[in-house]
Amino acid sequence: MIVKIGWNNIWRKKGRSFLVILSVAFGIWVGLFFGAFQWGTFVQKMDDIVNRELGHIQIHHPEFVDEEYDYNFPILNPDKVRDVLKNDTSVSVFVERSIFSAMLQTPRNQSPVLVYGVDTTAEQHLFSITSMITQGEMIEGRRAPSLLVGKSLANKLNITLGSKVIVQGGMLHGVKSFVGRVRGFYESPNKMKDKMVIYVHKSDLDTKLGDGFTHEYSVLFSDLDFLQSNKKRIQSKLPMNQVLTWAEIMPEIENGIEMTDQVMFVFMLIIWFALALGIVNTMLMSILERTRELGMLMAIGMGRGRIVQMIFFETTILTAIGVPIGLFLNYITVSYFGEVGLDLSVANAAIEGFGYSTMIYPAMKESFYYQVIFQVVLVSLISTIFPAMRALKLKPIEAIHKN
Amino acid sequence: MNVVETQNLEKLFIDAGTKVRAVDGVSINVEEGEFTAIVGPSGSGKTTLLNMIGGLDNPTKGKVQVDSVELTELSKNELIDFRLKNIGFVFQSYNLIPVLTAYENVEFVMLLQGRDSKERKARVNELLVAVGIADKAKNRPSKLSGGQQQRVAVARALAPKPKFIIADEPTANLDSKSASTLLDIMQQLNEKERITFLFSTHDQRVIDRARRVVTLTDGKITEDKKVDA
Ligand SMILES: Nc1ncnc2c1ncn2[C@@H]1O[C@H](COP(=O)(O)OP(=O)(O)O)[C@@H](O)[C@H]1O
Ligand SMILES: [Mg+2]
């Protein structure tokens, strides 16, 4: 019967109840969508940078990273590394790269670059270099090695397709250089990289520099969940080289994720506050309107516990209606934008500068549902405490005789 | 046996610095089965007296015993429980829960008491017939006239078979025909169920129906007479 009273009370003032339902739905929707947006951003960054370029872990000479990608610190005992990676069951793909830190010189200009010697066939599984090519191609085995240059670097240096350039790097034992021919332009989501990195076939680079060095192994695991234990295991098998996770190589990605977590928290705080305000307000109004009735109920013997129960029941119902509506709205928007994407390039030129893609595809993570629903339900129940206490303070006689 | 016993009951209101002794030393006994009217002009202290007897308000001084239980010694929660089990209330207005039907309103207190559904159903139907609302059992209060609402309220008060029923000016908002019907019903139930009624009024036609008339003037009993049927 208390259930029935509560239920019917809800429909007494439809507009007001609708407001509570809407704010719950809105809280769920905005909270989830924002979460999906954050997660989408994260997944995107992971995909752009980690899954398709860095790899989950990288292996280098222990001093290679500290010495700022110095060509003179190649992987030690690469055969052993190859062997370990081939036989490790958690590894899904790995590639070898050689990296030559050099100056790119045209007759008029020059610019510091990192020359990546890559095996385009092997890289297909990790880093689809060929898919980034906007013009030209990368042909292997030419006398002057084919170079793939970022479009923005090409613009800066006035390089056209077919231009000959000199690639020259300082070595411990003198200078090494070779002449290459720019045969393709690429564009990646990472604008900073486009200005820095040029690609060449590893075999071509080996021929020109004559060392046969490998500087980097980039590894993808089939499951990212065991990253730390995988890293430890591989490191222990390869004590001579250094194993780093993607987060250690590019801490800014992880920092970015942490920062967005904080933004998310502040954002949720605002949502909770708005929701709490809405519920306190409407429930309080609903109780004040029912002063006489509640007084009468108390007079004829309805205990405090039951009054509180009734009020909480009302909020619970409103919340229970609001939650699925919010889920539904979220489902629609996330599916839509997950497909179409949200273009942030206008709003956020800064992100682009950081080298991240500006198209965000919101994506849901299961834990968001629990988190956001739990939070919203908790907030709405907590906000009911105040109106319920207010109802308990009513004195039956005063309530009844109030005219 | 006395259902209600008060001794030197006193209620002092201090309102904006002025003291009002709304009830001033009232000692009154009400026996089981009585049909008693508390009468007096507006402001004479009827409501205040009934509230104290019904355990809705604390006396400033004096004692109230209902069925030999001293109400002033009960805690707030014990009082709520005591009211639920022993006292039926009919107020001047706002007696019914607007979102429940007449039937459900009558059933409500029995539900609070945890009576089983068979018992509830039998009792509610019996009472709705007794107050002449059986055909409107499914109506909500807003679909009932003022008189019909008060009849439902009487049925509601009676449903759990309380020790007695307190009705504070139950006819104040009714036209004389409805008031008369309500009084008929109250009288019948008083005789049939031996339920004690204690009601206040300042309406002469209602006073004429009572079998004991207690007159209050400025919070004091100035007359207490029994009327033979
Ligand atoms: N809550 C209150 N605060 C202050 N004075 C009150 C209060 N309730 C009643 N009174 C005063 O007590 C007196 C008796 O009131 P009441 O019992 O309502 O009389 P009646 O029911 O006979 O009209 C009146 O003078 C009234 O103004
Ligand atoms: Mg009165």
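Numbers restart at 1 for each chain; the letters A, B, ... are given by sequence-line order, proteins then strands.
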- Passing option when B:Leu216 is tested against B:Asp24, B:Val39, B:Val26 for side chain to side chain contact (heavy atoms under 4.5 Å, CB included):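 Exactly one option meets the side chain to side chain contact (heavy atoms under 4.5 Å, CB included) with B:Leu216, and it is B:Val26.
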Practice item. May I ask you to name which of B:Asp81, B:Ile80, B:Leu96 has the most heavy-atom pairs under 4.5 Å with chain A? Key: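 Most pairs with chain A among the choices: B:Ile80.
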Quick check on the interface: out of B:Gly54, B:Ala157, B:Gly88, B:Pro98, who has the most heavy-atom pairs with chain A under 4.5 Å?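 Winner by heavy-atom pair count: B:Pro98.
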Report task. Describe, in one word, how the ring planes of A:Trp29 and A:Phe26 are oriented to each other, choosing from parallel (under 30°), tilted (30 to 60°) and perpendicular (over 60°). Result ->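 If you compare the ring of A:Trp29 with that of A:Phe26, the planes turn out perpendicular.
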Which region of [X], side chain (C-beta onward) or backbone (N, CA, C, O), has a non-hydrogen atom less than 4.5 Å from a non-hydrogen atom of chain A, or is it both or neither?
{"X": "B:Asn77", "value": "side chain"}
{"X": "B:Lys76", "value": "side chain"}
{"X": "B:Leu100", "value": "side chain"}
{"X": "B:Ile87", "value": "neither"}

Value for CG (A:Asn281) from OG (A:Ser286), rounded to nearest 0.5 Å, stands at 11.5 Å
Do the two ring centres, one from B:Phe35 and one from B:Phe199, sit under 6.0 Å apart?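 Yes, the ring centres sit under 6.0 Å apart.
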**Item:** Ring centre gap for A:Phe267 and A:Phe265 strictly below 6.0 Å
**Value:**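 Centroid separation for A:Phe267 and A:Phe265: 6.0 Å or greater.
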Practice prompt. Carefully, step by step, assess B:Glu126 and B:Arg120 under the rule salt bridge (Lys or Arg N to Asp or Glu O under 4.0 Å).
Written response: CA-CA 10 Å; B:Glu126 173 193 23; B:Arg120 293 198 309 262; over 6 Å; no
Report task. Please determine, among A:Arg306, A:Arg290, A:Met298, the option with the most heavy-atom pairs under 4.5 Å with chain B. Result ->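 Of the candidates given, the most pairs with chain B belong to A:Arg306.
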